[in-house]
Number of protein chains: 2
Amino acid sequence: MARGKIQLKRIENPVHRQVTFCKRRTGLLKKAKELSVLCDAEIGVVIFSPQGKLFELAAKGTMDGIIDKYMKCTGGGRGSSSAIFTAQEQLQPPNLVCLSSP
Amino acid sequence: MARGKIQLKRIENPVHRQVTFCKRRTGLLKKAKELSVLCDAEIGVVIFSPQGKLFELAAKGTMDGIIDKYMKCTGGGRGSSSAIFTAQEQLQPPNLVCLSSP
DNA sequence: CTCTATAGATAACG
DNA sequence: CGTTATCTATAGAG
């Protein structure tokens with residue numbers, strides 16, 4: 001992203017990987033919070049570093065409440081407007097689906 | 001971020017907010033997956049749109065496993081290397097804490 | 001939806 | 001650990 005392009009694969013150098021993890025984790029949490037503020041969405045993020053360290057972000061509400069809501073949507077999720085996906089399907093094709101007008 | 005600067009507040013126009021939500025949600029999930037791949041981290045993201053729609057991303061493992069691991073780290077979290085924060089504390093000061101060398 | 005210019009994120013450097 | 005050059009994400013237009 002900066003002085004050099006990134007590879008879409010695991011960083012091998014342990015030191016470099018640690019630095020990148022720290023920076024990107026910060027950026028990801030920032031982005032998550034921005035999305036929740038801009039669009040009034042409830043967002044929860046959980047990150048486990050390779051060293052087993054846990055990082056959590058709960059925007060709008062608590063993580064506990066988000067997990068509870070998530071459980072209801074998946075476990076007993078017979079709600080009509082739920083979209084569960086694992087992102088493998090959603091992100092691999094360069095295909096954005098947006099609504100430009102209602 | 002592009003033809004105009006963004007405000008760090010809730011978007012009022014419903015249509016504009018919907019479009020932004022869609023674009024940023026896609027970008028956030030992409031970033032999350034990149035982080036998990038680059039740094040070999042286990043990441044779970046849960047997003048509830050204002051309309052109550054649920055979006056989930058589980059990178060490296062299942063969301064169920066991530067939540068389970070999360071519960072153990074918080075509930076019985078007497079582990080020595082756990083960092084729980086709500087991002088309010090972590091992101092507001094322009095203060096990055098990184099390890100340059102181990 | 002697709003394209004483009006620009007704001008924002010960040011890899012490498014000091 | 002702060003700065004800078006670049007790359008990427010994305011707001012706005014077509």
Side-chain angles (χ1 to χ4, degrees), chain A residues 1-41 43 45 47 49-51 53 55 57 59 83 85 87-102, chain B residues 1-41 43 45-47 49-51 53 55-57 59 83 85 87-102:
Chain A
M1 278 146 172
R3 305 294 188 73
K5 203 176 290 185
I6 58 166
Q7 308 174 68
L8 295 171
K9 57 191 292 290
R10 182 169 175 277
I11 297 172
E12 291 304 325
N13 309 42
V15 175
H16 185 191
R17 192 197 317 157
Q18 163 63 37
V19 175
T20 297
F21 176 73
C22 179
K23 290 187 175 181
R24 281 190 171 245
R25 174 172 49 78
T26 304
L28 183 69
L29 294 175
K30 185 176 175 182
K31 275 289 186 70
K33 188 149 69 172
E34 279 184 14
L35 176 59
S36 77
V37 172
L38 288 172
C39 304
D40 196 44
I43 303 182
V45 179
I47 304 177
S49 78
Q51 299 92 49
K53 196 166 179 175
F55 298 91
L57 163 67
F85 59 92
Q88 269 74 31
E89 332 278 340
Q90 200 73 7
L91 291 173
Q92 278 180 357
N95 201 347
L96 300 182
V97 182
C98 292
L99 313 176
S100 303
S101 51
Chain B
M1 277 152 169
R3 305 293 186 75
K5 204 176 287 185
I6 58 166
Q7 307 173 69
L8 295 171
K9 56 191 293 289
R10 181 171 175 276
I11 297 172
E12 292 303 325
N13 310 43
V15 175
H16 186 191
R17 193 196 315 156
Q18 163 63 35
V19 174
T20 297
F21 177 74
C22 178
K23 288 186 176 181
R24 281 190 171 246
R25 174 173 48 77
T26 304
L28 183 69
L29 294 176
K30 184 176 175 181
K31 276 287 185 73
K33 189 149 68 173
E34 279 185 14
L35 177 59
S36 77
V37 172
L38 287 173
C39 304
D40 197 43
I43 302 182
V45 179
V46 177
I47 303 176
S49 78
Q51 299 93 48
K53 196 167 179 176
F55 298 91
E56 166 198 353
L57 163 67
F85 58 92
Q88 269 73 30
E89 333 276 343
Q90 198 75 6
L91 292 173
Q92 278 180 358
N95 201 347
L96 300 183
V97 182
C98 294
L99 313 176
S100 302
S101 52

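Residue numbers begin at 1 in each chain, while the letters A, B, ... track the order of the sequences. Hydrogens, waters and symmetry mates are skipped; everything else that's a heavy atom, side chains included, is used.
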Distance, rounded to the nearest Å, where A:Leu8 contributes CG and C:dA11 contributes P: 12 Å
Candidate nucleotides C:dA9, C:dA11, D:dG12, ranked by approach to the side chain of A:Glu34 - the nearest: C:dA9
Worked check of side chain to side chain contact (heavy atoms under 4.5 Å, CB included) between A:Arg25 and A:Leu29: CA-CA 6 Å; A:Arg25 174 172 49 78; A:Leu29 294 175; 4.2 Å; yes
Check: C:dT4 base within 3.5 Å donor-acceptor of B:Arg3 side chain: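 Yes, a donor-acceptor pair under 3.5 Å.
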D:dT10 phosphate, OP1 or OP2, under 4.0 Å from B:Thr20 side-chain N/O: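 Checking D:dT10 against B:Thr20, no side-chain N or O comes under 4.0 Å of OP1 or OP2.
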Sub-4.5 Å side-chain heavy-atom contact between B:Thr20 and B:Ile6: no
B:Lys33 NZ - D:dA9 C1' separation (whole Å):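 That distance rounds to 16 Å.
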Under-4.0 Å side-chain N/O to phosphate OP1/OP2 contact, B:Lys5 with C:dT6: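 Looking at the OP1 and OP2 atoms of C:dT6, neither is under 4.0 Å from any side-chain N or O of B:Lys5.
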Residue pair B:Ala32 / B:Leu57: nearest heavy atoms and the distance that separates them: CB-CD2, 3.4 Å
D:dT10 OP1/OP2 closer than 4.0 Å to side-chain N/O of A:Lys31: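 It does, given that an N or O in the side chain of A:Lys31 lies less than 4.0 Å from OP1 or OP2 of D:dT10.
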Atom pair distance, as rounded to whole Å: CD in B:Gln7 and P in C:dA7: 15 Å
Whole-Å distance separating the CG atom of B:Leu38 from the P atom of D:dC7: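 B:Leu38 atom CG is separated from D:dC7 atom P by 17 Å.
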Check: B:Phe21 and B:Ile11 side chains under 4.5 Å, non-hydrogen atoms: no
Spacing of A:Leu28 atom CG relative to D:dA9 atom P, expressed in whole Å: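 For the pair A:Leu28 CG and D:dA9 P, the rounded distance is 12 Å.
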B:Arg24 CZ to C:dA7 P, straight-line distance once rounded to whole Å: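 Going from B:Arg24 (CZ) to C:dA7 (P), I get 14 Å.
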Heavy-atom side-chain proximity of B:Leu8 to A:Val37 below 4.5 angstrom: no
Any A:Lys23 side-chain nitrogen or oxygen under 4.0 Å from OP1 or OP2 of C:dA11: no
Minimum-distance nucleotide to A:His16 side chain [options: C:dA11, D:dA11, C:dA12]: C:dA12
Spacing of B:Leu35 atom CG relative to C:dA11 atom C1', expressed in whole Å: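 Taking CG of B:Leu35 and C1' of C:dA11, I get 15 Å after rounding.
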Distance in angstrom units between B:Leu29 CG and D:dA9 P, rounded: 13 Å
